[in-house]
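Please read all numbers here as calculations on a predicted model, not as lab measurements. Both ligands and their constituent atoms are indexed starting at 1 by order of listing.
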Amino acid sequence: MSGGEAETVRFEVEDGIGVITIDNPPVNALGPGVREGIVAAVDKGNADPNVTAMVLIGAGRSFIAGADIRQFGKPRSTPARYSHDVLDGSAKPIVAAIHGFALGGGLEHALSSHYRIAVKEAKVGLPEVLIGILPGGGGTQRLPRLIGPKAAMDMIVTGRHVPAPEAKALGIIDEIVEGKDLKREAIAYAKRIAHARPLPRVRDRADRIAEAKADPGMFEAMRKSIARRARNQKAPYHCIACVEAAVTRPFDEGLETEKRLFAELENSDEAKALRYAFFAEREVSKIPGAPKDLQPSRARTAAVIGAGTMGGGIAMSFADSAIPVKVLDATREALDRGLARVRENYAVSVKRGSLSQAEMDRRLALIEAVDRYEDIADCDVVIEAVFERIDVKKEVFTRLDAVMKPGALLLTNSSAIDTDVMANATKRPREVAGAHFFAPANVMKLLEVVKGTKTSIETVAAAMKVGRDIGKVSAVAGTCDGFAANRSRAPFVTEMMLMLEEGALPERIDGVMVDFGYPMGPFAVNDLSGLDISYDTRKRRAAADPNYRKLHVPDRLVEMGRKGQKTGAGWYRYDKGDRTPHPDEVVKSVIAEVAREFGIPQRTFTDEEILQRLLLASVNEACRILEEGKVLRASDIDVMWLHGFGFPRYRGGLMFWADTVGSRAILARIEEWHARYGARWKPAELLREIAQAGGAFREAKPKRAL
Ligand code: 3H9
């Protein structure tokens, strides 16, 4: 075949069936030439008298993963004929044969085909909303006609991937293919339906649309149900509007609505941020300089040292991913307590209905309590999660070194101690790295892999692979105080405390951050994790550094016994058995008392100032982290903020957000605060450079190798 289609779309006739194969690695995205290739292939099949029906299939690991996301925001020419119209207008039947993923434009091409079959491992979905747009190839009009508006709206608004058996039950898939050879099965299916007429075209279906007539409130109810989650975003609402058009307007008018709303979203701020986040998450797993053939294998067995909250959460992460895990602690009591907590956590999920009892039992059976180091010797990976004391950690690593099989991966979950300390306690420092989880470890997606001075690239890659295998997003950081994630967030925490002293209340600051898009304000989060945790760290720092700026307000609250939700009071007051935070006069008076005592002038804040005080402090620190080469790339910091701290995804991440403010404006602000507040606001050298060059934070390169 000619043109671009020669590379990405093939057409062959087998046994009287025209087989159209999309071959655009790695995931058969609808990149340049693919749609044109499909159109030409369908024409060819219709023109060939030997062809009675056609099959649309993907080469490699997937059917079609959707439109090529890299092309969004760039100028595109309008095609003379749309591939969807050509598919469903074909005079000969077309069977979409799905394996791997049929997502977005991929599923839309399947919906435009006359029949859909799939292997049972396949997944289908319209995930466009997750990148801030909507299905723009007729998906919002065809899916409701095929499976009813309610189920369609659920899929389109959540963007979830639906497994083939569920897709069959919903009516998306006509048949699940049992055999191994999908192409052969598809050809056989095509031969069976080759002469059936009329051709079933989804656009002509009206039966399922009637459903909405019986439930006219469904669209309003959906809007209400997503109001909190979707605040500040347009795409989820536009998705609903399109499905509404599918039930109230004729097909072609619905398509016009879809086209118009798609155009509104394509270059919106949220779409740009979400596209950026998509690619940043893929970049983060790449290790520059790693040998091409470096492909660590999946850990088959794991061990966790320390059955505390963190250790238990880490063990759950392994069990949740079906990897057997042994848990070791110094005493039987500590082990029993730890495993009881794990059991309780699972039981809560069962009670909430998010986990079945059978699944809970299966996971618990994968977690084994052991008493001796010898019992874990043959595990592929071990994660140390004992308390943050250098002598204890060193002792653990000396013992691990003595028993663990050669090649075992030795990881430490320390968040405060230099990874090198643990590595140097062994004779195999190349095989030691940090694996810094975020609490609760079984829930938070971020895994910060910390490369010590001697850690080998193979060990870094293997640790990241462990992260992937347990469903985490792994990002690499260099060893330094706080590593990259917590270190970049620490100034945010300092500023939120110091703003209190100047007259901003916790509920005000929380309100600003929730409006910005965080699921919870930082003070409410602190109440959840416990005020006492950072209290101890602050005491240690104050003892070590005479210039340390004390944070009087939280210190006093902890000293009053207000440690957060667990004590019924912290930054807020809580009624028994209820997690709703209530602003508290006591906190207000502690703040006023500190301000009076230290003679701190009181002032009013704008929302913008609150937001910038918190985030710009962190942007400045992130620049220092890049200067010191403690991350591989600026966008990794964004991934850390998205998955470690609940930063709103539709704002891209800390550095992406900073670029929306602009580097020059940020430097001016930071210089102003440097003059007002002193050394802690000293602009980072890299920040100055970026601002002087009018550059972007998200593209800033580290100044040194990790
Ligand atoms: C759409 O379809 C709009 C239409 O309604 C209408 C338009 C008018 N484009 O994730 P992986 C790359 S919107 C470009 O590591 P996995 C990815 O960057 C689209 N590139 O693999 C990576 O590249 P690299 C709706 C894409 O096995 C490589 O492929 N569809 C695309 O873990 C491997 O990806 C979606 O939103 C793409 N569409 O997961 C689906 N997809 O190696 C987006 C992947 O250079 N994709 N790449 O880093 C996914 O969710 C996952 O990639 C998928 C595979 C589940 C398919």
* Asked: Are Thr459 and Leu409 side-chain neighbours, meaning at least one heavy-atom pair lies under 4.5 Å?
  -> yes

* Is there any N or O on Phe278 that sits under 3.5 Å from an N or O of ligand 1? -> no

* May I ask whether Lys286 places a heavy atom under 4.0 Å from ligand 1? => yes

* So His84 and His109, would you call those rings parallel, tilted or perpendicular, with 30° and 60° as cut-offs? -> tilted

* Note the single closest protein heavy atom to atom 9 (N) of ligand 1, along with its residue, its atom name and the distance in Å. => Ile69 N, 2.9 Å

* Flag side-chain contact, heavy atom, 4.5 Å: Phe656 against Phe647 -> no

* **Glu128, any N or O under 3.5 Å of ligand 1 N or O** => yes

* Asked: Counting both backbone and side chain atoms, is some N or O of Ile131 under 3.5 Å from an N or O of ligand 1?
  -> no

* For the residue pair Pro144 and Arg208, establish whether any side-chain heavy-atom pair is separated by less than 4.5 Å. => no

* Asked: Heavy-atom contact under 4.0 Å between Gln71 and ligand 1?
  -> no

* Answer yes or no for Gly139: is there a heavy-atom contact with ligand 1 below 4.0 Å? => no

* Tell me, which protein residue and heavy-atom name are nearest atom 14 (C) of ligand 1, and how many Å apart are they? -> Asp68 OD1, 3.2 Å

* Are Ser62 and His99 close enough that a side-chain donor and a side-chain acceptor fall under 3.5 Å? -> no

* Nearest protein heavy atom to atom 8 (C) of ligand 1, by residue and atom, and its distance? -> Phe262 CZ, 3.9 Å

* Fit a plane to each ring of Trp641 and Phe645, take the angle between them on a 0 to 90° scale, and name the class: parallel (under 30°), tilted (30 to 60°) or perpendicular (over 60°). => perpendicular

* Val9 side chain reached by Val34 side chain, heavy atoms, under 4.5 Å -> yes

* To do: Identify the protein heavy atom lying closest to atom 6 (C) of ligand 1, giving its residue, its atom name and the separation to 0.1 Å.
  => Gly136 N, 3.5 Å

* **Protein contact of atom 26 (C) of ligand 1 - nearest heavy atom, named by residue and atom, plus distance** => Val27 CG2, 4.1 Å

* Which residue and heavy atom of the protein sit nearest atom 27 (O) of ligand 1, plus the separation -> Arg61 NH2, 3.0 Å

* Does Lys123 NZ have over 12 foreign heavy atoms under 6.0 Å away? -> no

* Does Ala67, backbone or side chain, put an N or O under 3.5 Å from an N or O of ligand 1? -> yes

* Would you say atom 32 (O) of ligand 1 has a protein heavy atom nearer than 4.0 Å? -> no

* Asked: So, Ser90 and Asn46: side-chain donor and acceptor under 3.5 Å apart, yes or no?
  -> yes

